[in-house]
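Below, chains carry the letters A, B, ... as their sequence lines are ordered, and counting in each starts from 1.
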Amino acid sequence: MTNENRRILIVDDERDIREVTQIVLELEGGWEVVTASSGAEGIAVAVRDRPDAILLDVMMPGMDGLETLKQLRKRPETQSIPVLFLTAKGQGKTPPEWGELGIAAAISKPFDPLKLVPQICSLLNWNRSE
Amino acid sequence: MKILLVEDDEQLVELLSQYLSECNYIVDVATDGQTGLNYARTFDYDLLVLDVMLPKLDGIGICRYLRSQHYQMPILLLSALETSHDKISGLDAGADDYVVKPVGVEELLARIRALLRRGRYARPPVLTWERLCLDPATCEATYNDRSLSLTPKEYALLELFLRYPSRVFDRETIIAHLWSLEEPPTENTIRAHVKGLRTKLKAARAPADLIETVYGVGYRLKNADDMTSTPPIANSTMQTQPNSNPTLDAIQQVWSRVKPRALQRVETIERGANAIEDGDNDGDRLLARQEAHRLAGSLGTFGYRYGSQLARQIEALLSKEEPLVEAERRQLWQSLVELRQQLAGDPEPLSIEPPTTMPAPDRRQLLIVDDDTLLTMQIAEDAKTWGLETQVATTVRQARQAIVENPPSLILLDLNFPESDEDGLMLLEDLARNRPEIPAIVLTVRDSFNDRLAVSRLGARAFLQKPLTTTQILETTLEVLQRSNTAAKVLVVDDDVQELALLKALLQPWGLQVETLSEPRQFWRVLEAFTPDLLVLDLEMPDYSGIELCQVVRNEPQWRKLPVLFLTVRTDTDTVNRIFRVGADDYVSKPIAGPELIARLFNRLERTQLLQNLAELDPLTGVSNRRKSSYDITRLLRTCARERRVLSFALLDIDRFKQVNDCHGHAAGDLVLHRFGEVLRESFRPSDVVGRWGGEEFVVAAIDTLKVDGVRRLSEVLGDWRQQTFTLDDDVMLNVTFSAGVAQYPEDGEDLQTLYRAADEALYRAKNAGRDRIFGVST
């Protein structure tokens, strides 16, 4: 698979983060980006658009990242989509259930804009065509 | 027009803000001096009204500070103090007017109007746009001479458009100009006000789209004559920097929109901080904590890495369950002030890239950055014989290019570049941040302590003061290269597997050998098997905490010197103290900022390697080693040259030392050397240099000492030394003598090498004459 065809879903309640992440992924990764501002919306978009990966904010009002992920894992359409947690670490330890839920890894906020794409690629074992 | 009112008298605040709002002014209120100052520094105000007596920071203090920082807005002081002295000190502090309370509101408003008329901008008294006209002095707006009856917000909106005609205003900019902090507008508010304004303009028979919607961006006044040009987006904070990376450009653009919101978040945090001061309002505090959390997670991405750290600190303070003590409250405000300062500055979009091409270990390339072409040619020539390739840059700019195109294994850097505006320290700073793995040696004529300090802070491996021979320069170069060549081994212990993976990915490109461990129970086994050069410990882990592991390490003599670096979410004083108390060398706060971790790690590695390899004292004899004493003597020689002083240089050699080793064993030899070092140290002044140059060869350099005096002094030492009897294990008594040759600066030589050769020649004669004697160089 090459990079150009990839579609990434960003789920974050903060507009600034969504926007900046989208810019980075589009310009640096050349990827198609879809966004959602809540866990529920994220699930809906994931079912509809079948992204190649999901960047999921951990701390969101309402359905938080972990709950969203559990829901994603229950649905056959979204079960196997790799998920990367976006986390402002400092909220303590990685909960043990992350591993069971198939979280590929966590990306800590703030991220370095020019490093995000290489980081995602290496975490997901994607080869970069460029 | 936006006014900041800093006043702690609530009734007066209420009264004044009501009156001012009725006159279409937008009013922000701060009830203590510190907050007031923060507001004034952050937002654009057309006028400040300051009470003199305020909590935390008085009005005169604010005034003085703002003027010292070249803030020009008019300032009106309000005071209950009426002596002329108070007035004078207020006006001297830079206030434009001084009003004594109690004051009639009408008078105060008149004075405010007067000050605003004189305002800091040389703006025309009446603003016009086609047939649209607005008079700030009377707060009247007309279209084609038809009066517009506007609400305060509509008026302010129109004024904003008229003040910056043809600019597009986005939502954030409008909010920043028109709304005070206490009444953040909702998404639809602005739209509603624009609609209101349009309706009233239409009623005055203005064109329907006089205020035009620019889709996706904002609003602007539409110029009937100018329909084609795309006006720039107005934003006071946006600075388009020449930046070749489109992603970073785009992020900058986003930041210009996000910034007002970020500043509002800081406001919210400040309210929370104030709430704590006033006895803890949990709601405000919680809100502040959430905002701090958001800032911590986002500022770094926009280029404010330190801002993120500050926000993280603030979040940590606000998350504490127990009430904050005085020091913590101070820390909180300090961090807030710093955060504001950070946000006031430009973001730093600099991205740290791991080296794409590591210099091959067998190919040793030296980059010389110096505008002294004669010297660089010499070094380049001599470097060949040492097996070093060289490239030369005569300006900092050339050097930057060379570093990217052909990364060197070492950089030899001059600090002074008189022809250019960039000096070596700037390059060193960049290197420290972006390429800490490339060692740098500073070579300079500068000799101030400040320079040395700056250079060592920036992680340079050595500071060489010119003039030096190329041999000395290259010796140091090779030493540093040797030290940097072996991949340092780093052991990281953290129970968070994901974080370990990230750390490994982060560290490996820098040529470090990284071992990770998520199970602290296996710590000791891994430590002994891997024998790291540096240990990174997570503070909080199940089973064993980083603190416990560090204690164990420090209790074992073998590991006492192993540098230990902590990763910690908490950076409060208690935690930090605890970390250092168990013997840690440094800590890095989580979430980890890659560049910071790398810089600290290399810094720490370098320091221990310095200790191990660059030890200045010879451990056996306790005198300086060759490297150190050579430097010290070279320095003394420079002093002599500058101040026309003399120096005697002696080369000493223990007689028949090989026999001591052969007949009595190396332990006996070591004993003799050890004692000889002691005797020499005791026999000379602290200003003299004593060194062991190898085997049984020692040097002594004494300033202000003529050759004859040097010979005499050494003869006395020799006399004492002869008395020294060594009793060896097998009851053998042993006496040892030494010989020496003494040369004098400047007569026998003007540099160390020549002096050495002269002294060596005298020593040779002394040995031939039967040893056990001191000869001066014959003149």
Just how far is it from atom CZ of B:Arg312 to atom OG of B:Ser335, taken to the nearest 0.5 Å? 13.0 Å
Is it the side chain or the backbone of B:Ser308 that comes within 4.5 Å of chain A heavy atoms, both, or neither? side chain
Heavy-atom distances under 4.5 Å only: say whether B:Arg294 touches chain A with side chain, backbone, both or neither. both
Is chain B contacted by the side chain of A:Glu26, its backbone, both, or neither, given a heavy-atom distance below 4.5 Å? neither
Under a 4.5 Å heavy-atom cut-off, does chain B meet the side chain of A:Asp12, its backbone, both or neither? neither
Does a side chain donor of either A:Glu67 or A:Gln71 reach within less than 3.5 Å of an acceptor in the other side chain? yes
Search all heavy atoms of A:Val58 against all heavy atoms of A:Asp64 and return the closest pair with its distance. O-CB, 3.5 Å
In terms of heavy-atom contacts, A:Ser80 and A:Arg73 come closest through N-NH1, 4.4 Å
Identified side chain to side chain contact (heavy atoms under 4.5 Å, CB included) partner of A:Trp31 from the options A:Gln22, A:Arg7, A:Arg6: A:Arg6
I need the residue from A:Val20, A:Thr21, A:Leu116, A:Val24 with the largest number of non-hydrogen atom pairs under 4.5 Å to chain B. A:Val20
